[in-house]
Amino acid sequence: GVYSLTQIKCEIKVIKLLYISKIGDQAINAICERFTKLHELSIARNCNEKASKITDNGMLSFKKSPYLQRLSIIYTRYFD
């Protein structure tokens, strides 16, 4: 999962997460803290009854990503 991704030793600039329901505030925060040079993050099809929520607090995590140029969140279940 996301925890394993954050254990990678190299710096990643583009992350695309497809068909994953457990991407919520905590996962976004972990990604932004670990990959400070992230340029692009795409999350797609995070949409089922048990999907994690992405709230305003999760969006604040992107302040830790000064190089982020492209953010795409598609088909999400909930957005505060």
Side-chain angles (χ1 to χ4, degrees):
V2 173
Y3 175 76
S4 297
L5 178 66
T6 61
Q7 300 306 304
I8 294 173
K9 303 226 183 251
C10 63
E11 191 63 41
I12 295 176
K13 293 183 180 180
V14 176
I15 297 175
K16 294 183 180 186
L17 304 170
L18 307 174
Y19 306 103
I20 299 173
S21 63
K22 295 185 179 181
I23 301 298
D25 290 350
Q26 191 173 19
I28 289 174
N29 188 53
I31 289 168
C32 291
E33 281 185 355
R34 169 58 187 90
F35 301 108
T36 56
K37 295 182 181 175
L38 189 65
H39 288 205
E40 179 180 341
L41 176 62
S42 297
I43 301 170
R45 303 258 334 180
N46 185 17
C47 59
N48 67 41
E49 296 168 1
K50 297 180 182 179
S52 296
K53 294 180 182 179
I54 298 172
T55 67
D56 290 342
N57 289 333
M59 299 305 287
L60 291 174
S61 298
F62 293 110
K63 288 183 176 182
K64 301 171 189 169
S65 302
Y67 297 100
L68 190 65
Q69 298 172 2
R70 183 172 184 185
L71 173 63
S72 176
I73 302 175
I74 302 169
Y75 296 117
T76 57
R77 173 181 171 253
Y78 193 86
F79 213 90
D80 278 344

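Atom CD1 of Ile73 and atom OG of Ser42 lie 9.5 Å apart (nearest 0.5 Å). A distance of 12.5 Å separates SG of Cys32 from NZ of Lys63, quoted to the nearest 0.5 Å. Rounded to the nearest 0.5 angstrom, Ile28 CD1 and Ile43 CD1 are separated by 4.5 Å. How far CG of Leu38 is from CG of Leu68: 5.5 Å, rounded to the nearest 0.5 Å.
When hydrophobic clusters are built by joining Ile, Leu, Val, Met, Phe, Trp and Tyr residues whose side-chain heavy atoms come closer than 4.5 Å, directly or via intermediates, Leu71 is grouped together with Leu5. Two different hydrophobic clusters hold Tyr3 and Ile31 under the rule that ILVMFWY side chains link at heavy-atom gaps under 4.5 Å.
Contacts of Ser61 classified as side-chain hydrogen bond (donor to acceptor under 3.5 Å, both in side chains), with partners at least two apart in sequence or in another chain: Asn29.
For residues 30-41, every residue pair satisfying the salt bridge (Lys or Arg N to Asp or Glu O under 4.0 Å) rule, not counting sequence neighbours, is listed here: Glu11-Arg34, Glu33-Lys64.
The shortest heavy-atom contact between Ile12 and Phe35 is N-CD2, 3.7 Å. Scanning all heavy atoms of the two residues, the minimum distance from Ala30 to Val2 falls at CB-CG1, 4.4 Å. Minimum interatomic distance between Ile23 and Ile54 (heavy atoms only, all atoms of both residues): O-CG1, 3.7 Å.
When atom types are taken as modelled, the side chain of Asp25 and the backbone of Thr55 share a donor-acceptor pair closer than 3.5 angstrom.
At least one side-chain heavy atom of Leu41 sits less than 4.5 Å from a side-chain heavy atom of Phe62.
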